[in-house]
Amino acid sequence: MKLKSLLLGTAIAAIGTASLAEEYVIGVMSAQSGYLAPYDGPAYAGFKFCMDEKMANGGLNGTTPVKLIVKDTRSDIAFGVQVVQEMLDQGAQFIVSSADADPTIAAAQITAADMVPTMTFAGTAPVLTQVGSHVFGSYPGDNQQGAVLAAYAKDQGFEKAWLLTSPDSAYTLGGPRYFGEVFESLGGAVVGESTFNLNQPDFSAIVTNIQNAETAPDVIVTWAWEPDFPAFIRALRGAGVDTQVMGGDVLDTPTVRGLGDVVDGVVHTSGGYPEDGSKYADFIARFEAATGTTPDNNYYVNGCDIADMIEQAVAAAGTTDPAAVSAAMAEIENGEGTMSNFTFKGTDRMPLRDVVVARITADGGKEFVLRQMADPETLPKP
């Protein structure tokens, strides 16, 4: 692995240097309430767990202690901007932002002045990195997820897709459209698109439009999250529509899986799956032993991977200087992760990572379908 030799060289060079012995201050925007809490909460829990493991062994790379500043954004973008400024005023050298593109973009506009690296917990809209070269994703982007899901849908024989999007978020708008672009390039057809507002309580009109469409879809694709997806799938199945539904990683939550028969067979993308003997499975075992809680979605393990991404970037930079860490992060190739390995080099700083496709079962579980990495040469552009 190219990163290993780089890390080894920088680690040797850095032994005993003050730049890596000083306390490294990381600010964490963790929505502990509001619509982002189901994602930020698990992500922060995994991040804190793995940071605590590192601190027990001397800090990042065994040499650099970490101080965390954690603040609740309340899932409010304007309040999140205030939170970021407060953390910078307290000396934050790295910012971990909420699990969505929009609050990450807002935060990154504040951190741009000093090139403080800003990484989203799980925001996947590729547009988020366009704010500046200091901004990073951590999860496979929506264009990667959409490409893998579209190829899977075609392989299953689906030919006619209906997209359900919301313009209220870069995530809910972009994901299905990336799917549609790749689906059409593979010979499929997008036969319709419906739009909804975030927190929309009634999807009956949309369901009626789908039912009365001139060309009936054989697959419906949405990146809707809670509470919109539960409202939509209940309305759809309640109307007797049994068309296959596929979605993004946001469906990987116990709330969605707990909806029972209405979500039986729903297929979604995600970033990983804890196969027996995997590093992911080992993470779950360690987390259970330490906390008594069983991680029930991928946001936990991705939080752990963010801790590893930061550690490897600091090692490669040979310093905790924010601009240097940003530059080093952007050059990581095949970095070692727990959910999957990750590559920033040659990307737009949305890491190239494995995408997993999973299927929800009526009993609240999920089944592994496939693991695949999207072809970076054919990814839809943001």
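Everything numeric here is computed off the predicted structure, so don't read it as measured data.
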Which atom pairs, donor and acceptor, lie under 3.5 Å between side-chain atoms of residues 374-382 and protein residues at least two apart or in another chain?
unit_1: Asp375; atom_1: OD1; unit_2: Glu377; atom_2: N; d: 2.9
unit_1: Thr378; atom_1: OG1; unit_2: Asp375; atom_2: O; d: 3.3

What heavy-atom pair brings [X] and [Y] nearest, and what distance separates the two atoms?
{"X": "Pro140", "Y": "Val355", "value": "CB-CG2, 3.9 Å"}
{"X": "Ala324", "Y": "Thr319", "value": "CB-CG2, 3.5 Å"}
{"X": "Gly137", "Y": "Thr120", "value": "CA-CG2, 3.8 Å"}
{"X": "Pro295", "Y": "Phe287", "value": "CG-CD2, 3.6 Å"}
{"X": "Phe179", "Y": "Ala150", "value": "CE1-CA, 3.3 Å"}
{"X": "Ala328", "Y": "Ala313", "value": "CB-O, 3.5 Å"}

Looking at side-chain heavy atoms only, is the closest gap between [X] and [Y] below 4.5 Å?
{"X": "Phe344", "Y": "Thr129", "result": "no"}
{"X": "Lys54", "Y": "Asn61", "result": "no"}
{"X": "Gln93", "Y": "Pro117", "result": "no"}
{"X": "Asp102", "Y": "Ser169", "result": "yes"}
{"X": "Val148", "Y": "Gln144", "result": "no"}
{"X": "Pro254", "Y": "Asn297", "result": "yes"}
{"X": "Val221", "Y": "Phe183", "result": "no"}
{"X": "Asp114", "Y": "Leu88", "result": "no"}

**Report entry** Contact list for residues 215-229, test side chain to side chain donor-acceptor pair (under 3.5 Å), sequence neighbours left out
**Finding:** Asp142-Trp223, Glu226-Thr253
Report task. Using the side chain to side chain contact (heavy atoms under 4.5 Å, CB included) rule, take Gln156 and Val267 through it: C-alpha gap first, then chi angles, then the decisive distance, then the call. Result -> CA-CA 12 Å; Gln156 298 306 297; Val267 169; over 6 Å; no
Determine whether a donor-acceptor pair (N or O, by modelled atom type, separation under 3.5 Å) exists between the side chain of [X] and the backbone of [Y].
{"X": "Tyr171", "Y": "Asp100", "value": "no"}
{"X": "Asp348", "Y": "Met350", "value": "yes"}
{"X": "Thr172", "Y": "Ser166", "value": "yes"}
{"X": "His134", "Y": "Thr118", "value": "no"}
{"X": "Arg353", "Y": "Phe342", "value": "no"}
{"X": "Arg177", "Y": "Thr165", "value": "no"}
{"X": "Asp168", "Y": "Leu198", "value": "yes"}
{"X": "Gln312", "Y": "Glu336", "value": "yes"}

Does a side chain donor of either [X] or [Y] reach within less than 3.5 Å of an acceptor in the other side chain?
{"X": "Gln82", "Y": "Glu86", "value": "yes"}
{"X": "Asn302", "Y": "Ser138", "value": "yes"}
{"X": "Thr361", "Y": "Glu367", "value": "no"}
{"X": "Ser270", "Y": "Asn298", "value": "yes"}
{"X": "Glu53", "Y": "Asn57", "value": "no"}

Assess whether atom [atom1] of [X] is packed by more than 12 heavy atoms of other residues, nucleotides or ligands within 6.0 Å.
{"X": "Asp261", "atom1": "CG", "result": "no"}
{"X": "Lys48", "atom1": "NZ", "result": "no"}
{"X": "Asp52", "atom1": "CG", "result": "yes"}

Output the distance between atom [atom1] ([X]) and atom [atom2] ([Y]), rounded to the nearest 0.5 Å.
{"X": "Arg359", "Y": "Gln244", "atom1": "CZ", "atom2": "CD", "answer": "7.5 Å"}
{"X": "Met87", "Y": "Lys71", "atom1": "CE", "atom2": "NZ", "answer": "7.5 Å"}
{"X": "Thr269", "Y": "Asp252", "atom1": "OG1", "atom2": "CG", "answer": "9.0 Å"}
{"X": "Arg286", "Y": "Cys304", "atom1": "CZ", "atom2": "SG", "answer": "6.0 Å"}
{"X": "Met115", "Y": "Asp321", "atom1": "CE", "atom2": "CG", "answer": "10.0 Å"}
{"X": "Ser133", "Y": "Met329", "atom1": "OG", "atom2": "CE", "answer": "12.5 Å"}

Report task. Show the numbers, then the answer: is there a side chain to side chain contact (heavy atoms under 4.5 Å, CB included) between Gln145 and Tyr178? Result -> CA-CA 8 Å; Gln145 294 185 45; Tyr178 292 130; over 6 Å; no
Requested in this report: Sequence neighbours left out, what passes ring-ring contact (aromatic ring centres under 6.0 Å, His included) with Tyr24? Give chain and number order.
Outcome: none
Query raised in the report: Can you pull the ring pair (Phe, Tyr, Trp, His ring centres under 6.0 Å) pairs that have at least one residue in residues 347-378, sequence neighbours excluded?
Result: Tyr273-Phe368
Query raised in the report: Passes side chain to side chain contact (heavy atoms under 4.5 Å, CB included), Ile310 versus Val96? Steps please.
Result: CA-CA 10 Å; Ile310 294 172; Val96 181; 4.2 Å; yes
Requested in this report: Check whether Val28 and Met55 end up in the same hydrophobic cluster, where Ile, Leu, Val, Met, Phe, Trp and Tyr are linked by side-chain heavy atoms less than 4.5 Å apart.
Outcome: yes
Report task. Identify whether Val182 and Leu173 are in the same connected component of the hydrophobic contact network (ILVMFWY, side-chain heavy atoms under 4.5 Å). Result -> no
Kindly list each side-chain donor-acceptor pair under 3.5 angstrom involving residues 29-44, sequence neighbours excluded, with atom names and distances?
unit_1: Asp40; atom_1: OD1; unit_2: Ala99; atom_2: N; d: 2.8
unit_1: Asp40; atom_1: OD2; unit_2: Ala31; atom_2: N; d: 2.8
unit_1: Asp40; atom_1: OD2; unit_2: Ser98; atom_2: OG; d: 2.8

Please output the side-chain donor-acceptor pairs of residues 230-239 that fall under 3.5 Å, not counting sequence neighbours, one pair per line with the distance.
unit_1: Arg237; atom_1: NH1; unit_2: Val241; atom_2: O; d: 2.8
unit_1: Arg237; atom_1: NH1; unit_2: Thr243; atom_2: O; d: 3.0
unit_1: Arg237; atom_1: NH2; unit_2: Thr243; atom_2: O; d: 3.1

**Report entry** Worked verdict on Phe229 versus Val266 for side chain to side chain contact (heavy atoms under 4.5 Å, CB included)
**Finding:** CA-CA 11 Å; Phe229 182 80; Val266 168; 4.2 Å; yes
